[in-house]
Amino acid sequence: APMTDPVRIPRDIQDLDMRIAANGDWFYQGSKISRPKLVKLFSTVLRLEDDGRYFLQTPVERGEVVVEKTPFIAILMTVEGAGKDSSLTFETNVGDRVTADAEHPLTFSLEAGSDEPFPVVEVRHGLLARLNRPVFYQLVDLAEEDPDTGELVVWSAGTAFSLAGLNP
C-alpha cells in the first residue's frame, strides 16, 4: 500500500487577539497593523469555517480573527461592456481582484437591525467584500429593470444580480 502523509491538524493559537474592523482596518492586540504588505499576507491565509468563525490558518497553526462586518472592502469597480454584456470587476482593500459572476455573486441586503444597504461580493470560499459607498453608488447607477421580473438588476459575466434585497 502507498504511504500516505498523516493529516496535519493545525494547532489552535489561543487568544490571537486579531480583529478586522468594520472599516477594513486590521488590528493585532489592539494596535492597527499599518503595513499593507502584512495585511495582504494575512488576508491570503484567512479562512471562513462552516460555523461562521474566521481563522488565520497556515498548515501548522490557526488563530481566530474577529470580523466586525466583512473581512474585505471593495474599494474600486471597473466596468467593461454594457447591459447584459457587462463585466464588473472589483478590487479590494487588500489587493484582490474579482469579477462578479455565478461563483462570485453580488448580494444586496439590508444590514441587520438597520436600513443601511449591505452590498457584498464573494471574493473566495465564502469570504466577502463589502462595497464601499462610492462603489455602491457607481453600481446602483448601472441598475436597470429586468423586463421579465420588473426587479432592478445589474449584470456581470452573464449573470443578473437583483437589488430587490435593498427594499425593507
(request) Before giving the answer on side-chain contact (heavy atoms from CB on, under 4.5 Å), spell out for Trp26 and Ile20 the whole-Å C-alpha distance, their side-chain angles and the decisive distance to 0.1 Å. (result) CA-CA 5 Å; Trp26 290 55; Ile20 304 174; 3.4 Å; yes
(message) Please determine whether salt bridge (charged side-chain N to carboxylate O under 4.0 Å, His left out) holds for the pair Arg62 and Glu49, giving the CA-CA distance in whole Å, both sets of side-chain angles, and the decisive distance to 0.1 Å.
(response) CA-CA 12 Å; Arg62 70 177 200 162; Glu49 295 290 322; 3.4 Å; yes
(request) Could you walk me through whether Phe72 and Asn93 pass side-chain contact (heavy atoms from CB on, under 4.5 Å), step by step? (result) CA-CA 6 Å; Phe72 310 133; Asn93 59 319; 3.8 Å; yes
(request) Give the intermediate values and the outcome of side-chain contact (heavy atoms from CB on, under 4.5 Å) for residues Leu131 and Met77. (result) CA-CA 9 Å; Leu131 278 52; Met77 180 177 75; 5.8 Å; no
(message) With side-chain contact (heavy atoms from CB on, under 4.5 Å) as the criterion, how do Leu139 and Leu106 come out once you've worked through the C-alpha distance, each side chain's angles and the decisive distance to 0.1 Å?
(response) CA-CA 11 Å; Leu139 183 104; Leu106 279 165; 4.1 Å; yes
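Using a 4.5 Å cut-off on side-chain heavy atoms (C-beta onward), Tyr54 and Leu127 make contact. Contact annotation: the side chain of Val66 never approaches that of Glu64 to less than 4.5 Å [non-hydrogen atoms, C-beta and beyond]. Looking at Phe42 and Val94, their side chains never come closer than 4.5 Å, going by heavy atoms from C-beta outward. Inter-residue side-chain proximity for Val45 and Gln57 is flagged as unmet; no heavy-atom pair is nearer than 4.5 Å.
The CG atom of Leu142 lies 11.5 Å from the CG atom of Leu152; values are rounded to the nearest 0.5 Å. Considering CZ of Arg130 and OG1 of Thr92, their distance stands at 12.5 Å, rounded to 0.5 Å. Once rounded to the nearest 0.5 Å, the distance linking CZ of Phe55 with CG of Leu16 reads 10.0 Å. Rounding to the nearest 0.5 Å places CZ of Arg124 at 11.5 Å from CG of Leu48. Between Phe90 atom CZ and Ile75 atom CD1 the span is 12.5 Å, to the nearest 0.5 Å. With rounding to the nearest 0.5 angstrom, the CD1 atom of Ile13 is 7.0 Å from the OG1 atom of Thr58.
Considering every non-hydrogen atom in both Val123 and His104, the closest pair reads O-CD2, 3.2 Å. Between Met18 and Tyr28, the shortest heavy-atom distance links the atoms CE-CD1, 3.8 Å. Residues Val153 and Ala160 come closest through the heavy atom pair CB-CB, 4.3 Å. Of all non-hydrogen atoms in Leu166 and Ser109, the two that sit nearest each other are CD2-O, 3.4 Å. Between Pro71 and Leu46, the shortest heavy-atom contact is CB-CD2, 3.4 Å. Considering every non-hydrogen atom in both Ala100 and Ala157, the closest pair reads O-CB, 3.5 Å.
In the hydrophobic clustering of this structure, Val67 does not group with Leu41; members are Ile, Leu, Val, Met, Phe, Trp, Tyr whose side-chain heavy atoms approach within less than 4.5 Å, directly or through other members. Under a hydrophobic-cluster definition in which Ile, Leu, Val, Met, Phe, Trp and Tyr are linked whenever side-chain heavy atoms come within less than 4.5 Å, directly or via other members, Leu88 and Val140 are assigned to the same cluster. Linking Ile, Leu, Val, Met, Phe, Trp and Tyr residues whenever their side-chain heavy atoms come within less than 4.5 Å leaves Val79 and Leu76 in two separate clusters. Hydrophobic cluster membership differs between Ile73 and Val98, with clusters built from Ile, Leu, Val, Met, Phe, Trp and Tyr side chains linked at under 4.5 angstrom.
The closest side-chain donor-acceptor pair between Ser156 and Ser86, if any, does not fall under 3.5 angstrom.
In this structure, the side chain of Asp101 engages the main chain of Glu103 through a donor-acceptor pair within 3.5 Å. In this structure a side-chain-to-backbone donor-acceptor pair under 3.5 Å is missing from Glu68 to Ala21.
Counting heavy atoms of neighbouring residues, nucleotides and ligands inside a 6.0 Å radius, atom CG of Asp51 exceeds 12 of them. Within a 6.0 Å sphere centred on CG of Asn167, heavy atoms belonging to other residues, nucleotides or ligands number more than 12.
Using bins of under 30°, 30° to 60° and over 60° for the plane-to-plane angle, the ring pair Phe136/Phe108 lands in the tilted bin.
In summary, Glu144 and Lys84 do not engage in a salt bridge, as defined by a charged side-chain N under 4.0 Å from a carboxylate O.
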